[in-house]
Colleague: 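The structure is given below, and queries will be raised subsequently.
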Number of protein chains: 4
Amino acid sequence: MGSKKIKKGGRNVRREPRQWRARQTVEAILEAVVRIVKREGIGAVNTNRVAEVAGVSIGSVYQYFPDKRAMFIALHRQHIEEIDRLIHRTIVECGQSSLEGMICGVFDAMVDAHAKDPAYSSVIFSEIPHRPHGTEEFAVRLHGVIRLALAAKKGEMPRGLDLDVAAFVVGNIVDALAHGAAMRRPRGVTIEVAREESVRAMVGYLRGRGRGRRLACEDRA
Amino acid sequence: MGSKKIKKGGRNVRREPRQWRARQTVEAILEAVVRIVKREGIGAVNTNRVAEVAGVSIGSVYQYFPDKRAMFIALHRQHIEEIDRLIHRTIVECGQSSLEGMICGVFDAMVDAHAKDPAYSSVIFSEIPHRPHGTEEFAVRLHGVIRLALAAKKGEMPRGLDLDVAAFVVGNIVDALAHGAAMRRPRGVTIEVAREESVRAMVGYLRGRGRGRRLACEDRA
Amino acid sequence: MGSKKIKKGGRNVRREPRQWRARQTVEAILEAVVRIVKREGIGAVNTNRVAEVAGVSIGSVYQYFPDKRAMFIALHRQHIEEIDRLIHRTIVECGQSSLEGMICGVFDAMVDAHAKDPAYSSVIFSEIPHRPHGTEEFAVRLHGVIRLALAAKKGEMPRGLDLDVAAFVVGNIVDALAHGAAMRRPRGVTIEVAREESVRAMVGYLRGRGRGRRLACEDRA
Amino acid sequence: MGSKKIKKGGRNVRREPRQWRARQTVEAILEAVVRIVKREGIGAVNTNRVAEVAGVSIGSVYQYFPDKRAMFIALHRQHIEEIDRLIHRTIVECGQSSLEGMICGVFDAMVDAHAKDPAYSSVIFSEIPHRPHGTEEFAVRLHGVIRLALAAKKGEMPRGLDLDVAAFVVGNIVDALAHGAAMRRPRGVTIEVAREESVRAMVGYLRGRGRGRRLACEDRA
DNA sequence: CATGAATGAGTGTTCATTCAT
DNA sequence: AATGAATGAACACTCATTCAT
């Protein structure tokens, strides 16, 4: 009954917060990290400062996060989870839509995820040390969910289409363009135009004349 | 170095190397950074170690780089420059090629830049604190050079095409897919397939029926 | 630390000690600085050594002093405070004394403050970078307290005497002569003689025939 | 005949500059030190920066100064020399003056020396590490020259007066008050008043009833 | 003699982490 | 559970000094 520290899987996990207060503490900590990152860049994030901004003691930070990276990993996971959730919802909502509708939905979901808080997403992606498998984890999750979305519209796409290849292509495009549309559009490109063109590119690709004539890449030097 | 604080005396700018010896030193330093990053990750980069690996004294490091970040910035610039150069060369080489040829060339150039040294590019892109304008700088440069490449094949594309929009779309796609192709292909997607499909997507988009029928995005919830 | 440069994140202010332990730490640190200064000169003072001599970790030093200078500033303040206290005590103790008694008392207080630990005072005054207002702060404090002492014996001094002028003159004399008496007497001048003569000079000045005949400065070239 | 480095006394002396160019270099270096000290404080003085500001190479600095301290020592010596010269001149000029005239002259000489460039003198005195014998050297020189000045007016002072004691007292007073008058007068004390009062104090002391009645110091607690 | 590239011991400072209270 | 004082390895960076050119 003496409640000692209980490691769950063994994998650097501390006691899950059971109490209401505990959840609040955890959230305060993660919010503090985000606040600092947004205001001063990731370089300004250090555990003591996080504790201060969160209004808790440094000891409490270590009560819930075994080390500094754990906070970033938690944040990263949250972000992945959110995108996952957004796209899953889109898949459901677009059950009756055309392929275009689905792609639009997915694209918008991504833009939302990024645009809601550009500075934050930017940081999550470009500054957080998502070492070692962070990046892959995101890519894998995205690939999976995009594959799911495409599978739902398989009827509208050419027979021979390899879903994995398509998900790879569309996943990368949607991520890059949503990111780009939300955060670094060149002058004169509105977000609506970016969206329309992005979707056109993806749909065009997916509807493409399947096993069309070979590409004429080889005619160059 | 948490808060904003003021330094004491003098120069924030280090001399540009004038003598032959000096150039060698600078190169040795940058190479050392790359070596460490590739072997042990960016976390293992510290100025003293850089000096050691470069075979110069720590003083020499600071003779040419005002601070640690400066080394990364220099590397970042180098990388941008290299991609710029590669694509410019492609533009020239594909002067007589079709649109497909050009896009293939650009894509391959990007893959080359990334694949030659995946760990390194990955780090340059995802780990280096390219605060504040680093990322934009790359995006801007890429946009510019892609625009140039497309302009060279304007004849093969629909009349109404807005070059800036097209460059934005193609630039993002080529970067994301080349990156993805070089570094995180899902099982079963070969690099050749990735290339072919990527090019197909871009060319399809560019040749697309221009101002074709409106997309049916709005048929969803 | 040559040029003006900006620091990154957070706090420039260290917490005031709250627990008992903390006060002890702060004292140990300041004492360590004094010990090192006295034994090896100010040049031997470096933060790591201070921590070592104080028997605390370097981290603890920075817990209470934002930077190296802060330790010296604290010491400087302590010294000013002590002289202030000593002279205030003298004023009280000499409440019934004559003007001579008061001046003697003040002089002795100054000598005490300096002689108790000549090397240390010397360092506090001549070596500590009491930039920017350190020096003035001392002069101002001394002026104030000397003025107080003189005011207590106003009856023994000529009517027209301007207390500020007198405090300025006496303050400078007492400081210089006490300092000199304690630390750089020429051969053949005992501390008693130095004291007697110093006091004679000050009392003579203060009792001086007030608005006596003009000084004959102007009879020179 | 191979002109090797020739140490003169053995005491850290490098070849004295013989050529015109060399003198200019030395002066440029010392001026650079002063400029830096005045503009940014002594903390900003470092040999490389001195070379830069002086417009010479760091190698040239070491051609004429064996180490960093040597520059400060040279400056210190210059300052002492100047005061010496000024007071010697005063002694001559006041050959026919009264004691008051002489004291006035000495005081003015000191004020001049300090007031000409207050920031500089202040720094020379309070910031330069006049370790180990710097301070004494100044005190000794000042004592000597003041003694000389007083000796010239011995006739106007009481018989029993010990010249060494008098020079000690007057030397300290004149230095402190001239310094104070030039650099930290309290509000409401003009430099003229400071001068008049300072001189009154010194002359009063010197003319004082010599071995007058004992001071009543001992009537205090 | 002058130059300035190179050196490297030394120092100030940070910050993740522990643990007594 | 929470607190926050304490720790100390690690690091960024400085600057007096040397020496090849």
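Being a predicted model, the structure only gives us computed values, none of them experimental. Just so we're on the same page: letters track the sequence lines, and every chain starts at 1.
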Colleague: I want to check one thing: is the phosphate of F/dA16, taken as OP1 and OP2, less than 4.0 Å away from some side-chain N or O of D/Thr47?
Modeller: yes
Colleague: Nearest-Å distance, CG (B/Asp67) to C1' (F/dC11)?
Modeller: 13 Å
Colleague: On DNA chain F, does the nearest nucleotide to B/Val45 precede the nearest nucleotide to C/Gly59 from the 5' side, or the other way round? Give the residue.
Modeller: C/Gly59
Colleague: Using the P atom on both, measure F/dT21 against E/dC1 and round to a whole Å.
Modeller: 23 Å
Colleague: Among residues two or more places apart or on two chains, list those pairs meeting salt bridge (charged side-chain N to carboxylate O under 4.0 Å, His left out) that have a residue in residues 71-80 of chain A.
Modeller: A/Arg77-A/Glu137
Colleague: Once you round it to whole Å, what is the distance between P of F/dC11 and CD1 of B/Ile42?
Modeller: 14 Å
Colleague: With sequence neighbours excluded, tell me which residues meet side-chain contact (heavy atoms from CB on, under 4.5 Å) with D/Ala54.
Modeller: D/Ala28, D/Ile29, D/Ala32, D/Val56
Colleague: Tell me the interatomic distance from A/Met71, atom CE, to E/dC15, atom C1', rounded to whole angstroms.
Modeller: 11 Å
Colleague: Which residues pass the side-chain contact (heavy atoms from CB on, under 4.5 Å) test with D/Gln24, sequence neighbours left out?
Modeller: D/Trp20, D/Arg21
Colleague: Report yes if a side-chain nitrogen or oxygen of C/Gln63 is closer than 4.0 Å to either non-bridging phosphate oxygen (OP1 or OP2) of F/dA5; otherwise report no.
Modeller: yes
Colleague: Taking only N and O in the side chain of C/Ser60, is any of them less than 4.0 Å away from OP1 or OP2 of F/dA5?
Modeller: no
Colleague: For a quick test of reading the model, state the closest non-hydrogen atom pair linking B/Tyr64 to B/Thr25 and the distance between them.
Modeller: CE1-CG2, 4.0 Å
Colleague: Just to confirm, is there a sub-4.0 Å distance from OP1 or OP2 of F/dT7 to any side-chain nitrogen or oxygen of C/Ser57?
Modeller: yes
Colleague: Of all the choices, F/dT7, F/dA5, F/dT17, which nucleotide is nearest to the side chain of C/Ala22 once you look at every atom?
Modeller: F/dA5
Colleague: So what is the 5' to 3' dot-bracket string for DNA chain F, if pairs are Watson-Crick or G-U wobble with both distances under 3.5 Å, crossing pairs use [ ] and | means the partner sits on another strand?
Modeller: .||||||||||||||||||||
Colleague: Would you say B/Thr25 places a side-chain N or O within less than 4.0 Å of OP1 or OP2 belonging to E/dA6?
Modeller: yes
Colleague: Just to be sure I understand the rule, does C/Asn46 reach a base, reach only the sugar-phosphate, or reach nothing, if contact means heavy atoms closer than 4.0 Å?
Modeller: sugar-phosphate
Colleague: Kindly give the heavy-atom pair with the smallest separation between B/Ser57 and B/Ala51, and that separation in Å.
Modeller: C-CB, 3.8 Å
Colleague: Classify the side chain of A/Asn48 and the base of E/dA16 as holding, or not holding, a donor-acceptor pair under 3.5 Å.
Modeller: yes
Colleague: Which residues satisfy the salt bridge (charged side-chain N to carboxylate O under 4.0 Å, His left out) test with B/Arg35, sequence neighbours excluded?
Modeller: none
Colleague: How many whole angstroms separate atom CD of A/Gln24 from atom P of F/dA2?
Modeller: 11 Å
Colleague: How many Å lie between OH on A/Tyr62 and P on E/dT18, as a whole number?
Modeller: 7 Å
Colleague: Nearest-Å distance, CD1 (C/Ile58) to C1' (E/dT11)?
Modeller: 9 Å
Colleague: Going by atom type alone, with no hydrogens or angles, which donor-acceptor pairs under 3.5 Å involve a side-chain atom of residues 43-50 of chain C and a protein atom two or more places apart or on another chain?
Modeller:
| residue | atom | partner | partner atom | Å |
| --- | --- | --- | --- | --- |
| C/Arg49 | NH2 | C/Glu40 | OE1 | 3.4 |
| C/Arg49 | NH2 | C/Glu40 | OE2 | 2.5 |

Colleague: On DNA chain E, nearest-nucleotide positions of A/Lys68 versus C/Lys68: which is more 5'?
Modeller: C/Lys68
Colleague: Can you measure B/Ile36 atom CD1 to F/dA12 atom P for me and round it to whole angstrom units?
Modeller: 11 Å
Colleague: What is the distance, to the nearest angstrom, from the CD1 atom on D/Ile29 to the P atom on E/dT3?
Modeller: 10 Å
Colleague: Report yes if a side-chain nitrogen or oxygen of A/Tyr64 is closer than 4.0 Å to either non-bridging phosphate oxygen (OP1 or OP2) of F/dA2; otherwise report no.
Modeller: yes
Colleague: Rounded to the nearest 0.5 Å, what separates atom NE2 in B/His76 from atom CD in B/Glu81?
Modeller: 11.5 Å
